[in-house]
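Please read the structure below before turning to the comments.
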There are 2 protein chains.
Amino acid sequence: MATRPTMKDVAAEAGVGVMTVSRVVNGDPGVAPATAARVEEAVRKLGYHRDDVARQLRRTNQLSQTIGLMVDHVADPFMAAIASAAEDVARQHGSVVLIGSSRDDLRREREVVAAFTARRVDGMVLTPVVGSHRFLRSTIEQGTKVVCVDRAAPGLDVDTVVVDNFDAVRDAVQRLIANGHRRIGYLGDRQEIWTVGERHRGYLAALEAAGIDADPALVRHGLRSGPEAATAVTELLAAPEPPTALLAGNVVVAIGALAVLPPDIAFIGFDDFALAARMTPPVTVIAQDPVAIGTTAAHLLFARIHGDTSPPRTVVMPTTLIPRGSGEIPGPYAQGS
Amino acid sequence: MATRPTMKDVAAEAGVGVMTVSRVVNGDPGVAPATAARVEEAVRKLGYHRDDVARQLRRTNQLSQTIGLMVDHVADPFMAAIASAAEDVARQHGSVVLIGSSRDDLRREREVVAAFTARRVDGMVLTPVVGSHRFLRSTIEQGTKVVCVDRAAPGLDVDTVVVDNFDAVRDAVQRLIANGHRRIGYLGDRQEIWTVGERHRGYLAALEAAGIDADPALVRHGLRSGPEAATAVTELLAAPEPPTALLAGNVVVAIGALAVLPPDIAFIGFDDFALAARMTPPVTVIAQDPVAIGTTAAHLLFARIHGDTSPPRTVVMPTTLIPRGSGEIPGPYAQGS
DNA sequence: TGCCCTCTTGGTAACGTTACCGAACGCGCC
DNA sequence: GGCGCGTTCGGTAACGTTACCAAGAGGGCA
């Protein structure tokens, strides 16, 4: 196994100095075309690739052209779409993306962030988990840019891209109420997650505005997977006074719930998903645009990396309620029924 | 904005030499507890993080604890599952993952691979695109390990993890034929992609074995998105002699096709997807296990990184045909109908 | 007391690159 | 011819870390 060639090897091969090789490799001006050709020939012959590790070390206050992206779980389609969008933007800026999953574990998030900063990322996009993010303080102070996406990090004064979770869920629940439902179930992930908390608040606000007492028996928090959500639905519906409508707080929960949901129960899910329109009945959803969210977050990050020092801002992206049928199933109090 | 502290700063703060700081930071033995405590205090006070860029430079023949993962498109749920599995394995080995998408573009693949090697990754997992991969030769010779996943790279002698694409599709098409279909449509991505070619060959083999002439009018290649697949289905079904059954070569095509597919056309898709069982009719699929595939590929890669020098091998993971209904719709030649 | 051995500690030289400076060369002009 | 200038090139010193070696302190033993 050949050892990796260095500029010195290339220089020797081409009969020039290392500085000339450096200039050619980086496309710097001031090299005679004939010399450059000789160097490029040597580069090809030896299979030389510039070593960015050494390069970054020397160019201390330059950029590493690397950003980090930490999401809850890469396999989650919503997060995957954000990741893909972020990667596209990074590419436009000549950067690559380090990826990591927190799996909703603060210790793991810490480790991922540490691994990122140790690799001198220019900045990172995070979907923060529950807990204190004070450990990010020193990282930020040392110049690493941070943008939060999907979830806000309370106590951390950074750019944030979120959607109008509270309004969206409140409006959706109001819609269910208007369609004649009073016993509306709520299925959500861990309530401590910012997004989840906002959505739950929206649910409660809609009930309160309609003068409906919130029944804790209709609420299930902490659902982390499809099967957990399915079990929760089965249990809710087996209760003495089952709900006539359900709201699912995210797409994982929604898909899990739909696997066992009878077609006569009204249903609205947060996040759109493929084939929602082909279900029986077609599924009404609160749609957000993960590509737009990821793109916006990445643009904010690169603006910071490139010197934007304006005060941190929070961008609220819109959601759209897409009525397809499942959310329009009338409830027992529907007018005219 | 404070500049990033170095070991020298910590050493000055703690009143020790840099070597002592290095030892403490790396948990090396041979430092008196009292001294170590003083250093750790200084580390905390200054918010010091080890600079792995400099570390890697010095430890030239050591590992960078970074691997690359290049897939066609991160947002593709199949690829996202592989990415997630690979990240989990990487984490077990204390490594982080650089991610990149080729988007089926050889030039882009080259750039991503170059960006990976420039960052001295220990190895990479690739889903190679169409084209020659000779440019990987020098990278491999210089010690970067490569594992191909999902698709083989013809002409590249590396570990590869694939599924039995040919057999799986041939068996699925045989099943459609046994159910009375003779005009069976095929919807696929670019035929030049290894996986796609294998699946198409399986389709042709099943037809030939049954003595059915392959009708090119029933075959659509090069479908890169859901909408393209939907259009293709609409066109195929509008033809004078439309197919009575369809086989979709991957999940993106399948989901696109299902958006417009009438319920009386038999259908089998490659790759399982959420809620396939809840469609009307429930969708028969050839399922592969992306988590197992990604995990296997990552394990192979780390085995190589840790010194495995046995000859490259190809691991063929199993697929499972899951009959749910859509693939069992009888055709015009069904017995007893 | 002198010697050796262990424990702890620090100095120095790399790793591969680039920033900074200076040198060599050719050319035009006084 | 001498001088200045632009072009092309190379030497040297960093970047922050670790490998290697060496040195001082302290203790045990002859």
Side-chain angles (χ1 to χ4, degrees), chain A residues 2-40 42-43 46-66 117-121 142-143, chain B residues 2-40 42-43 46-66 114 117-121 142-144:
Chain A
T3 175
R4 178 177 183 140
T6 72
M7 281 193 176
K8 216 193 294 192
D9 301 325
V10 177
E13 175 73 28
V16 299
V18 284
M19 274 315 298
T20 305
V21 177
S22 175
R23 276 188 274 258
V24 172
V25 167
N26 292 291
D28 287 359
V31 177
T35 316
R38 212 143 35 89
V39 170
E40 282 174 18
V43 165
L46 300 181
Y48 171 81
H49 294 279
R50 184 177 63 196
D51 187 334
D52 276 18
V53 170
R55 183 168 205 250
Q56 279 172 53
L57 177 61
R58 186 59 185 84
R59 309 175 61 190
T60 299
N61 42 12
Q62 301 290 328
L63 299 177
S64 66
Q65 311 252 90
T66 305
T117 54
R119 285 167 181 78
R120 280 198 189 170
V121 294
Q142 286 161 26
Chain B
T3 175
R4 179 177 183 140
T6 71
M7 281 193 177
K8 217 193 294 193
D9 301 325
V10 177
E13 175 74 26
V16 299
V18 283
M19 271 316 297
T20 305
V21 176
S22 175
R23 276 187 274 258
V24 172
V25 167
N26 293 289
D28 287 0
V31 177
T35 315
R38 211 141 36 90
V39 170
E40 281 173 20
V43 165
L46 300 181
Y48 170 82
H49 294 280
R50 185 178 64 197
D51 187 332
D52 275 17
V53 170
R55 183 168 204 249
Q56 280 172 54
L57 177 62
R58 187 58 184 87
R59 308 175 56 184
T60 298
N61 41 13
Q62 300 291 328
L63 299 177
S64 65
Q65 311 255 85
T66 305
T117 55
R119 284 166 180 78
R120 281 199 189 169
V121 294
Q142 285 161 27
T144 306

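Every chain is numbered from 1 and lettered A, B, ... according to where its sequence line falls, protein lines coming before strand lines. Scope of the values below: all heavy atoms of this structure, side chains included, with no hydrogens, waters or symmetry mates.
Of all heavy-atom pairs between B:H49 and B:R4, the closest is O-NH2, 3.5 Å. The minimum heavy-atom distance linking B:G47 with B:P5 is given by the pair O-CG, 4.0 Å. Between A:T6 and A:Y48, the shortest heavy-atom contact is C-CE1, 3.7 Å.
Residue B:D28 contributes atom CG, which lies 14 Å from atom C1' of D:dC20 at whole-angstrom precision. Whole-Å rounding puts the B:K8 NZ to C:dT12 P distance at 12 Å. The separation between A:M7 atom CE and C:dA14 atom C1' is 18 Å, rounded to whole Å. As a whole-Å value, the separation of A:L57 CG from C:dA14 P is 17 Å. Residue B:R119 contributes atom CZ, which lies 15 Å from atom C1' of C:dT17 at whole-angstrom precision. Atom OH in B:Y48 sits about 8 Å away from atom C1' in D:dG16, given to the nearest Å. If you measure from atom CD of B:Q56 to atom P of D:dA19, you get 13 Å, rounded to the nearest angstrom. For the pair A:R55 CZ and D:dA14 C1', the interatomic distance rounds to 16 Å; values are reported in whole Å.
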Between protein and nucleic acid, restricted to nucleotides 20-24 of chain C and to nitrogen or oxygen atoms under 3.5 Å apart, what atom pairs and distances do you find?
none

Apply side-chain contact (heavy atoms from CB on, under 4.5 Å) to the pair B:R50 and B:N26, showing each step before the final yes or no.
CA-CA 9 Å; B:R50 185 178 64 197; B:N26 293 289; 2.5 Å; yes

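Five base pairs at each end of the helix from C:dT1-D:dA30 to C:dC30-D:dG1 define two local axes, and these are offset by 70° (rounded to 10°).
The nearest heavy atom of DNA chain C to B:G15 and to A:V18 marks one nucleotide each, and the one closer to the 5' end goes with B:G15. Two residues, B:S22 and A:R58, neighbour DNA chain D, and the one matched to the more 5' nucleotide by heavy-atom proximity is A:R58. Looking at which nucleotide of DNA chain C each of B:A36 and B:R120 is closest to, the 5′-most match is held by B:A36.
Residue A:T35 has a polar side-chain atom (N or O) positioned under 4.0 Å from OP1 or OP2 of D:dC9. Put simply, B:R59 has no side-chain N or O that comes within less than 4.0 Å of OP1 or OP2 on D:dT18. In this model, the phosphate group of C:dT9 is not approached by any side-chain N or O of B:T20 to a distance below 4.0 Å at OP1 or OP2.
Annotation: side chain to side chain donor-acceptor pair (under 3.5 Å) contacts of B:R120 (sequence neighbours excluded): A:D51. Shown here are the side chain to side chain donor-acceptor pair (under 3.5 Å) partners of A:Q65, two or more places apart in sequence or in another chain: there are none. Looking at residues two or more places apart in sequence or on another chain, you find no side chain to side chain donor-acceptor pair (under 3.5 Å) involving B:R38.
A side-chain N or O of B:T66 and one of A:R119 form a donor-acceptor pair less than 3.5 Å apart.
One finds the CD atom of A:Q142 at 9.0 Å from the CG atom of B:L46 (value rounded to the nearest 0.5 Å).
Using a 4.0 Å heavy-atom cutoff across all strands shown, A:D52 reaches no nucleic acid atom at all. Contact annotation for A:V31: backbone-only contact, meaning every heavy-atom pair under 4.0 Å involves sugar-phosphate atoms and none involves a base. Within the 4.0 angstrom heavy-atom criterion, only backbone atoms of the sugar-phosphate kind lie near A:V16; the bases stay farther away.
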Taking only distance into account, with no hydrogens and no angle test, what donor-acceptor pairs under 3.5 Å do side-chain atoms of residues 16-24 of chain A form with protein atoms, sequence neighbours excluded?
none

